[in-house]
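Whatever order the structure lists them in is the order used to number ligands and atoms, beginning at 1. One-based numbering along the sequence shown.
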Amino acid sequence: MTERTLIIIKPDAINRTIIGEIVHRFERKGMKIIGMKMAHLEESVLEEHYAHLKDKPFFPGIVKFMRSCPSLLLVLEGNDVINVTRMMAGETHGSKALPGTIRGDYSLSNQCNAVHASDSAESAEKEIKRFFKDDEIFEYRRIDTEMIYAEDER
Ligand code: ADP
């Protein structure tokens, strides 16, 4: 089933200049990027986004980390994209995530784990609304390359 999900490429990945590598993985898998922007996330938004962790001792650390520099936000569309991006992200803690997953390949940390991916259809809907306005999401058809070449020849 075609779904949409929210991905955050987090500050550690921005600092390590691996944005392209991560986006490339989603594109290669066949997912369609229908929204993409950089944003320096505000404390109030992060408190809402991570509200389920507010009683954890590491909560202030997450907010500080996520405020340390801008993040890259993506809305991805594709078949079963919520489940598939969670599998591609790997387990939360970088040291436990399997090699081959994004966290498994790029992180050894509990906190600085390169990406966020919505964990359910309900979260995805809420999170896309949290970070994107309606006019920042683009509905389009991918153009067949043969059509592009045909235009070329004219
Ligand atoms: P996920 O991001 O895999 O959905 P959670 O919602 O449990 O996992 O956690 C949100 C984020 O909080 C994690 O991605 C990570 O950045 C941070 N985090 C989770 N557990 C810890 C921890 N034990 N210590 C520090 N940061 C953590």
Side-chain angles (χ1 to χ4, degrees), residues 1-140:
M1 194 181 72
T2 301
E3 299 173 334
R4 291 176 174 185
T5 197
L6 186 275
I7 301 293
I8 304 177
I9 300 185
K10 297 184 182 185
D12 57 315
I14 308 290
N15 279 310
R16 293 175 56 203
T17 66
I18 53 172
I19 292 176
E21 289 180 39
I22 295 174
V23 172
H24 189 211
R25 287 179 181 228
F26 295 128
E27 285 191 304
R28 273 197 349 199
K29 184 70 178 164
M31 291 162 181
K32 188 165 159 186
I33 299 171
I34 58 167
M36 179 155 80
K37 65 179 179 182
M38 192 170 237
H40 204 150
L41 300 178
E42 292 185 10
E43 202 168 319
S44 57
V45 175
L46 289 165
E47 281 170 359
E48 189 182 297
H49 186 65
Y50 288 122
H52 61 293
L53 300 172
K54 70 175 188 310
D55 298 327
K56 301 278 186 197
F58 54 82
F59 181 73
I62 302 178
V63 175
K64 191 170 168 211
F65 157 60
M66 292 296 290
R67 294 268 310 133
S68 63
C69 83
S71 295
L72 190 79
L73 307 168
L74 300 167
V75 181
L76 298 180
E77 190 175 78
N79 186 29
D80 205 14
V81 77
I82 298 167
N83 187 35
V84 177
T85 51
R86 290 287 292 185
M87 284 195 293
M88 289 172 76
E91 282 204 36
T92 302
H93 299 165
S95 58
K96 297 203 184 92
L98 289 176
T101 63
I102 295 169
R103 288 162 170 174
D105 288 349
Y106 296 115
S107 168
L108 278 173
S109 163
N110 290 346
Q111 180 183 76
C112 304
N113 56 4
V115 287
H116 165 84
S118 304
D119 64 3
S120 66
E122 298 73 44
S123 309
E125 197 184 339
K126 251 192 272 171
E127 292 176 359
I128 291 168
K129 284 208 180 88
R130 179 172 299 141
F131 294 104
F132 282 82
K133 298 186 191 124
D134 285 351
D135 65 1
E136 292 173 325
I137 295 176
F138 298 86
E139 292 188 22
Y140 62 98

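- Under 4.0 Å from any atom of ligand 1, one finds heavy atoms of residues K10, Y50, H52, L53, F58, I62, R86, T92, H93, R103, N110, Q111, N113.
- Figure legend: K37 and F131 shown without cation-pi pairing, the cationic atom not lying both under 6.0 angstrom from the six-membered ring centre and within 45 degrees of its axis.
- For the salt bridge (charged side-chain N to carboxylate O under 4.0 Å, His left out) test, residues two or more places apart in sequence or in another chain that qualify with R130 are E48.
- When the side-chain contact (heavy atoms from CB on, under 4.5 Å) test is applied to K64, no partner is found at least two apart in sequence or on another chain.
- A 6.0 Å sphere centred on CD of E125 holds no more than 12 heavy atoms belonging to other residues, nucleotides or ligands.
- Smallest separation of non-hydrogen atoms from F59 and Y50: CE1-O, 3.4 Å.
- M31 meets the side-chain contact (heavy atoms from CB on, under 4.5 Å) test with F26, K29, L76, V81, V84, T85, M88; sequence neighbours excluded.
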